[in-house]
Each structure stands twice: as structure tokens, then as C-alpha cells.
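Okay, structure first, notes after.
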Amino acid sequence: MGRSPCCEKAHTNKGAWTKEEDDRLIAYIRAHGEGCWRSLPKAAGLLRCGKSCRLRWINYLRPDLKRGNFTEEEDELIIKLHSLLGNKWSLIAGRLPGRTDNEIKNYWNTHIRRKLLNRGIDPATHRPIHAPLSDFTITFAERAKKDVGILQREEEKSNSSSSEESSSWQQYKQPDLNLELSISLP
DNA sequence: AACAGAGGCAACCGCAAGACT
DNA sequence: CAGTCTTGCGGTTGCCTCTGT
């Protein structure tokens, strides 16, 4: 017998979460905090696999999620980060407080791709469509870094004026927007 | 009003990395 | 060091809602 499956396939619910399941998960994490996803379902009385619980919490139930529409500034930041990082959604999400990798990935695939195509830019390469191959990649990446620097300063300005604390859960206090882009790609 | 197709999004799956024993 | 386990990631799926006819 090999490794046990990450999810107990039998007796687990799948698909959309019910209000009751959400409530159980929220209550459990409120009481015990995050961690040990594998044992959480049993401990919380949920007929779900740990992965499913983690996903539900991270992408939907966490109290520090921003939700709602993306701003134009977020759009541009995502585009620039994607030009630097590629499909590293978790890294990109790390620089957008209150947004999740799944949300950004979905938003990219549904909105931003189209937006770039409309601009005549290939969303995969961030190069103009039909442009001859050249050293454009490098120059664009350099430009993107510069632009992100500008965005960062603008974000810092706007952040410093708004200090509203919406969540009472101190552990989920949103981190300051980290736009330091001295990224070393693998 | 009814239907079909498109779009949007939550959730699943498989895999890889890192932690643990 | 090797094998096992858990977590996290990215790609993908499929259901639900919206929009056009």
C-alpha cells in the first residue's frame, strides 16, 4: 500500500460550500487558528478534505479579503507584475493585499487578457502582437520595473492617509503593500 | 417569455517542494 | 540519507449567471 491519499475520498462532500459548512470552518479557525489542514475537517466536524477547507478559507472566508472590483491601479499593477513574474499568481497576489492568487488568476484570464489583446499586446509575452522579435523583452521589463516604482510611490501616498481598521482580527491585519521589486528570477 | 451561447468564478485535480521521521 | 506526509501552487473544469436573439 502506497502513500495515503491526501483526501479521504469516501464520505467527503464536494462542490459548492453550504452556509453551515462555512460557519463551521470559520468558527473552528477563529478558535484554533490556521494550520494542520489535514486534521482540520475531522476536528471541525466537516465532511470535506483538508485541501478543500484550505482553499475555501484562503480564497473566500478569510476576513482580510478585499473582494469587489479591481481598481484601474490594481489592473496595471497586475499587468506589470505579470510581465516580470509570469504566471506566478501567488507571488503577484503577495503584492496585492486582500487579493488571492485564485482571484487574480481568474481576473487575468477573464479580463486582463482581453484588455491586453485589445491594446494589441500579447498577454503571454507582453510584446506587441505582430512586432518583430527583438530585444524588446528586456526593454519592456526595464520599463515595467520603472513603472512599478512609480505605482509604489503612489500607493504609499494613498495608503498613508487611510488607516481604517475594518477587521478586529489582529492576526489578519493587512500587511503594508510591498512593492519592492528586486526580484531574482530562478 | 424561452432558449442558447458566452462569460465569470468557485472549486477540483495533479504535481512539486519542503517538512518531517 | 531515504522515504513519507503535508501544504501550496498553477492549470483546468464545470456550474451558475448574464446577455443576446
Side-chain angles (χ1 to χ4, degrees), chain A residues 1-119 121-126 141 144 171-172 174-175 177-181 183-186:
Chain A
M1 189 160 154
R3 53 191 285 185
S4 61
C6 79
C7 303
E8 185 56 57
K9 296 290 180 189
H11 312 114
T12 55
N13 296 336
K14 288 175 76 171
W17 280 63
T18 66
K19 178 79 170 59
E20 288 70 29
E21 287 177 312
D22 281 351
D23 289 344
R24 271 182 190 270
L25 183 55
I26 291 168
Y28 183 86
I29 293 178
R30 267 191 183 145
H32 301 94
E34 282 181 44
C36 204
W37 294 109
R38 185 165 164 77
S39 60
L40 183 147
K42 200 175 177 185
L46 285 161
L47 295 173
R48 290 273 177 177
C49 74
K51 257 178 150 176
S52 180
C53 295
R54 177 186 163 273
L55 203 70
R56 183 64 178 168
W57 174 256
I58 298 283
N59 287 325
Y60 198 80
L61 299 175
R62 255 167 52 198
D64 59 335
L65 291 179
K66 194 180 279 183
R67 311 205 65 78
N69 296 337
F70 282 75
T71 65
E72 191 60 35
E73 287 71 28
E74 285 176 312
D75 277 19
E76 294 305 317
L77 183 55
I78 291 167
I79 292 167
K80 288 181 172 68
L81 287 169
H82 187 274
S83 75
L84 293 166
L85 302 166
N87 293 0
K88 301 292 178 190
W89 305 115
S90 62
L91 281 176
I92 294 172
R95 292 171 187 281
L96 286 138
R99 302 296 189 185
T100 70
D101 53 0
N102 204 41
E103 189 180 15
I104 292 171
K105 178 172 60 183
N106 283 335
Y107 188 64
W108 176 272
N109 287 327
T110 54
H111 295 85
I112 298 187
R113 275 171 55 84
R114 215 170 29 241
K115 189 170 176 174
L116 290 179
L117 288 170
N118 287 340
R119 290 180 187 174
I121 294 171
D122 180 348
T125 62
H126 294 265
Q171 77 187 96
Y172 295 110
Q174 289 189 0
L177 196 63
N178 175 12
L179 292 174
E180 174 52 49
L181 280 176
I183 293 157
S184 52
L185 293 168

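Order of the sequence lines sets the chain letters (A, B, ...), proteins ahead of strands, with each chain counted from 1.
Of the inter-residue distances, the one linking A/Trp89 atom CH2 with A/His82 atom NE2 reads 4.0 Å to the nearest 0.5 angstrom. Of the inter-residue distances, the one linking A/Leu117 atom CG with A/Ile121 atom CD1 reads 9.5 Å to the nearest 0.5 angstrom. How far CD1 of A/Ile78 is from CH2 of A/Trp108: 8.5 Å, rounded to the nearest 0.5 Å.
Rounded to whole Å, the distance from NZ on A/Lys88 to P on B/dA16 is 13 Å. Here B/dC13 presents its C1' atom at 8 Å from NZ of A/Lys14, a figure rounded to the nearest Å. Atom OH in A/Tyr107 sits about 18 Å away from atom C1' in B/dA10, given to the nearest Å. Straight-line distance from the CG atom of A/Leu55 to the P atom of C/dG10: 13 Å, rounded to whole Å. Atoms CD1 (A/Ile58) and C1' (B/dA10) sit 15 Å apart, rounded to a whole Å. Rounded to an integer number of Å, the gap from A/Lys51 NZ to C/dC9 P is 12 Å. The interatomic distance linking A/Ile112 (CD1) with B/dG7 (P) rounds to 17 Å, in whole Å. Atom pair A/Arg99:CZ and B/dC9:P shows a separation of 11 Å (rounding to whole Å applied).
OP1 or OP2 of C/dC9 has at least one side-chain nitrogen or oxygen of A/Ser90 nearer than 4.0 Å. Considering only side-chain N and O atoms, A/Arg48 lies under 4.0 angstrom from the phosphate OP1 or OP2 of B/dC12. Look at A/Arg113 and you won't find any side-chain N or O under 4.0 angstrom from OP1 or OP2 of B/dG8. Using a 4.0 Å cut-off, no side-chain N or O of A/Arg38 falls inside it from OP1 or OP2 of C/dC5. One finds no side-chain N or O of A/Arg54 lying less than 4.0 angstrom from the OP1 or OP2 phosphate oxygen of B/dA11. Under 4.0 angstrom from either OP1 or OP2 of C/dG8 there lies at least one side-chain N or O belonging to A/Trp37.
Using a distance-only test at 3.5 Å, with no hydrogens or angles considered, a donor-acceptor pair links the side chain of A/Glu21 to the main chain of A/Thr18. For the pair A/Arg62 (side chain) and A/Ile58 (backbone), a donor-acceptor distance under 3.5 Å is present.
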_For nucleotides 11-17 of chain C, give me one character per nucleotide, 5' to 3': B if any protein heavy atom sits under 4.0 Å from the base, S if the only such contacts are to the sugar-phosphate, - if neither._
BB-----
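Side-chain polar atoms of A/Asn59 and A/Glu103 form no donor-acceptor pair below 3.5 angstrom.
Judged by the 6.0 Å and 45° rule, A/Arg24 forms no cation-pi pair with A/Trp17.
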